[in-house]
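Positions are given from 1 along the sequence. Atom set for the values below is all heavy atoms of this structure, side chains included, hydrogens, waters and symmetry mates excluded. Since we're looking at a predicted model, the values are computed, not measured.
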Amino acid sequence: MEKIIVKTGIYSFIVSFFLLVAFMKRIESTTDVDGMTSSVITPFPEFFFTIFRYSVITSIIAVLIAIAYLASMKKNE
């Protein structure tokens with residue numbers, strides 16, 4: 001049971017980290033009231049820590065789901 005929970009945490013962190021690196025935008029466009037568009041570029045350290053934070057949150061949620069699933073399977077036995 002412990003191996004499954006640890007593997008779930010590690011693999012969900014790695015997968016979510018790589019997916020966020022691939023698909024999260026660093027440049028955001030905003031439109032003013034006058035219709036002018038401006039771009040805001042997130043610096044790399046802030047971008048990295050944002051991705052890291054979302055990956056940690058995702059892995060915590062995945063571990064909680066795995067614990068709930070394993071507890072329900074153990075209860076049914």
Side-chain angles (χ1 to χ4, degrees):
M1 182 170 159
E2 292 169 358
K3 284 185 179 181
I4 294 172
I5 293 171
V6 171
K7 284 184 180 182
T8 301
I10 292 171
Y11 290 145
S12 64
F13 178 81
I14 292 171
V15 169
S16 65
F17 187 83
F18 285 132
L19 286 175
L20 287 170
V21 167
F23 294 114
M24 193 169 177
K25 292 183 180 180
R26 224 183 115 221
I27 301 172
E28 294 182 23
S29 298
T30 57
T31 305
D32 299 341
V33 178
D34 299 330
M36 300 290 289
T37 303
S38 61
S39 297
V40 177
I41 299 175
T42 307
F44 276 116
E46 185 178 336
F47 182 67
F48 173 75
F49 283 116
T50 303
I51 289 175
F52 184 76
R53 186 182 73 190
Y54 289 151
S55 296
V56 168
I57 292 170
T58 304
S59 64
I60 289 171
I61 291 171
V63 166
L64 292 176
I65 291 172
I67 289 171
Y69 177 75
L70 291 172
S72 70
M73 292 300 289
K74 192 173 187 179
K75 188 177 181 181
N76 287 339
E77 289 179 359

Shortest non-hydrogen contact from [X] toward [Y]:
{"X": "Thr42", "Y": "Arg26", "value": "O-NE, 2.7 Å"}
{"X": "Ser29", "Y": "Thr37", "value": "CB-CG2, 4.1 Å"}
{"X": "Ala62", "Y": "Thr8", "value": "O-CG2, 3.7 Å"}
{"X": "Ile27", "Y": "Ser39", "value": "CG2-CB, 4.1 Å"}

What's the spacing between [X] [atom1] and [Y] [atom2] if we round to 0.5 Å?
{"X": "Ile60", "Y": "Ser55", "atom1": "CD1", "atom2": "OG", "value": "11.0 Å"}
{"X": "Ile4", "Y": "Met73", "atom1": "CD1", "atom2": "CE", "value": "10.0 Å"}
{"X": "Phe18", "Y": "Ile14", "atom1": "CZ", "atom2": "CD1", "value": "7.0 Å"}
{"X": "Arg53", "Y": "Leu20", "atom1": "CZ", "atom2": "CG", "value": "11.0 Å"}

### Query
Given the rule in the ring pair (Phe, Tyr, Trp, His ring centres under 6.0 Å) test, do Phe52 and Phe13 qualify, once you have shown the distances and angles that lead to the verdict?
CA-CA 9 Å; Phe52 184 76; Phe13 178 81; 5.7 Å; yes
### Min side-chain heavy-atom separation Met24-Thr50 under 4.5 Å
yes
### Query
Less than 4.5 Å apart, any side-chain heavy atom of Ile5 and any of Ile67?
yes
State yes or no: do [X] and [Y] share one hydrophobic cluster built from I, L, V, M, F, W and Y residues joined by side-chain heavy-atom distances below 4.5 Å, directly or via other members?
{"X": "Val6", "Y": "Tyr69", "answer": "no"}
{"X": "Val63", "Y": "Tyr11", "answer": "no"}
{"X": "Ile65", "Y": "Ile57", "answer": "yes"}
{"X": "Phe44", "Y": "Ile41", "answer": "no"}

### Task
Kindly give the cluster partners of Val15, where membership spreads through any ILVMFWY side chain lying under 4.5 Å from a current member.
Leu19, Phe23
### Query
When Ile51 is tested against each of Phe47, Phe48, Tyr54 for side-chain contact (heavy atoms from CB on, under 4.5 Å), which residue passes?
Phe47
### Task
Would you tell me whether Ser12 and Thr58 have side-chain atoms, one donor and one acceptor, within less than 3.5 Å of each other?
no
### Task
Check each of Asp32, Thr30, Thr31 against Ser38 using the side-chain hydrogen bond (donor to acceptor under 3.5 Å, both in side chains) test, and report the only one that passes.
Thr30
